[in-house]
Amino acid sequence: MLRSTLASLAIVLAGPAIAADTPHVQLTDPYDSGMWDYHQIKLLGDPDDIRFDDRIKVRAPEAAEDAFNVPVLVDATALEDVEEIVVSVDYGPIPHILTYRPGDALPKIGLRFKIDQATAIRASVRTKSDRWHVGGTWIDAAGGGCTAPAQAYASDDWEEKLGEIHGRLWAASGRARLIVDHPMDTGLADGIPVFIIRNLDLSDDDGHKLASIELREPVNEDPAFTLFFDPATMPPLIHVAGRDNNGNEIEATLMAGEAN
Amino acid sequence: MPSRRAALGFLAASVALPQHVFAQPLSYDLRPVPVLPGIWMIEGATEYFSMQNGGAIVNCALLQGETGLILIDSGSSRRYGEALNTAIRKLDLRGVSAVVNTHHHPDHFFGNQVFADKPILALGQTGALARAEGDSFSDNMYRLLGDWMRGTEPVAPNTVLDPGEVMIDGRSFTALGLSGHTAADLALIDAETGLLITGDLAFLDRAPTTPHADLAQWQTSLDALVAIGAPAILPGHGPLDRTGASLTQTRDYLIWLNETLTKAAQNGQSMVEIMDVALPAEFAGMGAQPQEFYRSVSHLYSGIERAVLPRAN
Ligand SMILES: [Zn+2]
């Protein structure tokens, strides 16, 4: 808790100095967090074409019940030609949660993340024409989720379960859901180095890449995702391949189940 | 470690509070209501913790002992414990003779501080859990209740109560060591009146809470409580129950919750989507809904979907 408090304090104190570095496009932040300019420059690379856009839906509970597992649903299906979705928080020792490149999937993703304190959460959506559209919501939290050690270490068998995937496809609704067993250690807890999945790539049976998720430290322990496809074009089988920062390979195949 | 207590102290010193905060100090209005001969109940609001209710959401029971009143569950803060003490001395000048904590949730034991010199009884595991989790509960309670919590320190039970026939300050009880709402849930049957005090194994017209729940164990415990056939039941939250409705309502809600979450997992839903579920009329009217349903999704869904979804590698 101390480390996280200091880290966020450092960001807050740095605020006024950073504000001098005005972004190319200055927006009026609907959540008035005081941090958005900074992330617009540092996280998104200070784009020339960017706006807040109500069509980007970011849904989450008003208050985080479990700081280790805050559910979020990002929906950018109102936009065409989405290249990538950057999900981030304004306040937290590590703001970037993940980047989703939907490819052949719909620009919509369900995820969970570790929250450190009350914060705005944003989905910054870049289209093929290099325009950024940003949506968000506010989540209240008691905090501490980012700086505590992974809960997996309380049990003895976490190493055996590493990379184990539960999941399947739902052909009728065009859904894929997967849960990957991994500690997702942020490196912020004393004496525990960063240990996270770097990427999860989805492809069809011919090896054609469908979509990819680039994960960062704040993604929850045992990452859980729902991905969405057009039911008419969703393949009957999807391969998942990924790697963590220690070189462990992650592999699975999602198939439609019996029901639904 | 900078705690929320320290942070609050800092705020109080540096921010000019509105005048009415000083004009009207926060106070609990606790009214013991006689429910059976020699037994009173203080009924909590059927709500979630808020700055408005000050955390006075729990039921406390008072039973006449030989040397004072036996207090079952001590409320959410030091200030609450002090208000209890004042109310209790109006019933019996000698005050509290012993305290029992039904389980380790903060609204049931954070008033202990005021009675630290008395025997404070609980199941052994409840004591261990209160010691292990008291500080993190405390941080959260300061966040939720602010100044109502001023000066509150978690004080764990000091005496282990083993299940079986027990005598507390000259009064006979059957102590049942159950689980499901938490890992250790105590229910008490008062020998003289047959009153069943369930702790949070039973709720009435207030949504059950699940932060440490094991739904299957909870159902087993409810079956055991139904089998007692008690003439009156004092649930952890909600009004006194003379028909057994608290047990059936809690059972039905937990069954619905389990079925709803299982079905959602079978359909590949994420937590946020489940929160769109419209509660059935019989549960929508419970106190603290839909917030408790949302909280339960967070508590329970990960475990349920892990069991439901097939292995993919
Ligand atoms: Zn409880």
Side-chain angles (χ1 to χ4, degrees), chain A residues 1-2 5-6 58-66 68-75 109-112 118 140-144 163-170 172-181 220-222 224-228 238-240 250-255 257-260, chain B residues 1-7 10 48-50 106 132 135-145 209-213 261-276 288 290-313:
Chain A
M1 188 76 86
L2 178 62
T5 308
L6 288 179
V58 179
R59 298 186 56 207
E62 279 172 38
E65 172 62 22
D66 173 1
F68 295 91
N69 283 285
V70 184
V72 184
L73 184 65
V74 175
D75 184 349
I109 183 170
L111 61 124
R112 298 177 200 155
D140 190 17
E164 208 170 87
I165 294 187
H166 288 77
R168 53 166 282 196
L169 307 179
W170 288 261
S173 57
R175 276 166 188 267
R177 184 147 178 88
L178 65 157
I179 304 165
V180 189
D181 282 5
N220 72 315
E221 179 177 348
D222 300 340
F225 299 107
T226 302
L227 307 178
F228 300 81
I238 291 179
H239 296 291
V240 182
I250 294 157
E251 259 187 24
T253 302
L254 307 178
M255 289 179 284
E258 286 127 41
N260 304 295
Chain B
M1 183 168 119
S3 67
R4 294 196 186 263
R5 274 149 282 178
F10 172 74
Y48 191 57
F49 299 110
S50 72
D135 282 340
S136 71
F137 287 155
S138 178
D139 280 350
N140 202 33
M141 295 287 277
Y142 273 85
R143 181 178 72 94
L144 292 165
L145 300 178
T209 66
T210 58
H212 303 99
L261 298 183
T262 302
K263 200 167 158 222
Q266 286 164 346
N267 290 330
Q269 291 197 297
S270 56
M271 287 183 183
V272 174
E273 294 172 289
I274 306 168
M275 293 177 190
D276 290 335
Q291 299 98 310
E292 287 300 349
F293 173 61
Y294 298 160
R295 295 182 70 221
S296 290
V297 172
S298 274
H299 303 148
L300 302 171
Y301 191 55
S302 301
I304 288 175
E305 74 173 346
R306 177 172 293 268
V308 164
L309 293 181
R311 275 291 296 276
N313 63 355

query = Out of B:His299, B:Met275, B:Glu305, which one racks up the most heavy-atom pairs below 4.5 Å with chain A?
reply = B:Glu305
Minimum side-chain heavy-atom gap A:Arg177-B:Leu309 below 4.5 Å = yes
request  = Determine the sole option in A:Thr253, A:Ile165, A:Val180, A:Leu254 for which the side chain to side chain contact (heavy atoms under 4.5 Å, CB included) test with B:Asn313 is passed.
outcome  = A:Ile165
Quick one: what part of [X] sits under 4.5 Å from any heavy atom of chain B, side chain, backbone, both or neither?
| X | answer |
| --- | --- |
| A:Ile179 | side chain |
| A:Val72 | backbone |
| A:Asp181 | side chain |

[X] to [Y] - nearest heavy-atom pair and separation:
| X | Y | value |
| --- | --- | --- |
| B:Ala312 | A:Gly167 | CB-O, 4.0 Å |
| A:Pro71 | B:Met271 | CB-CB, 3.4 Å |
| A:Thr226 | B:Ser270 | OG1-CB, 3.6 Å |

Inter-residue atom distance A:Asp140.CG - B:Leu144.CG, 0.5 Å rounding = 8.5 Å
ask   = With B:Phe137, which residues qualify under side chain to side chain contact (heavy atoms under 4.5 Å, CB included), at least two apart?
value = B:His104, B:His105, B:Pro106, B:Phe109, B:Phe110, B:Glu133, B:His212
inquiry  = Tell me if a side-chain donor or acceptor on A:Asp66 pairs with a main-chain N or O of B:Ser298 at a distance below 3.5 Å.
reply    = no
ask   = Any sub-3.5 Å donor-acceptor pair from A:Arg175's side-chain atoms to B:Gly268's backbone N or O?
value = yes
message = For A:Arg59, is there an ion pair with B:Glu273 - N to carboxylate O distance below 4.0 angstrom?
response = no
inquiry  = Taking the basic N atoms (NZ, or NE/NH1/NH2) and the acidic carboxylate oxygens, is any pair closer than 4.0 Å for A:Asp222 and B:Arg306?
reply    = yes
task = Select one option (side chain, backbone, both, neither) describing which atoms of B:Gln291 are under 4.5 Å from chain A's heavy atoms.
result = neither
request  = Select one option (side chain, backbone, both, neither) describing which atoms of B:Ala307 are under 4.5 Å from chain A's heavy atoms.
outcome  = neither
ask   = For B:Ser302 and A:Arg112, what are the C-alpha separation, side-chain angles and deciding distance, and is it a side chain to side chain contact (heavy atoms under 4.5 Å, CB included)?
value = CA-CA 11 Å; B:Ser302 301; A:Arg112 298 177 200 155; 3.0 Å; yes
key: Residue among A:Glu164, A:Glu62, A:Met255 with most heavy-atom pairs under 4.5 Å to chain B   = A:Glu164
ask   = Does the side chain to side chain contact (heavy atoms under 4.5 Å, CB included) test come out yes or no for B:Val308 and A:His166, once each step is laid out?
value = CA-CA 9 Å; B:Val308 164; A:His166 288 77; over 6 Å; no
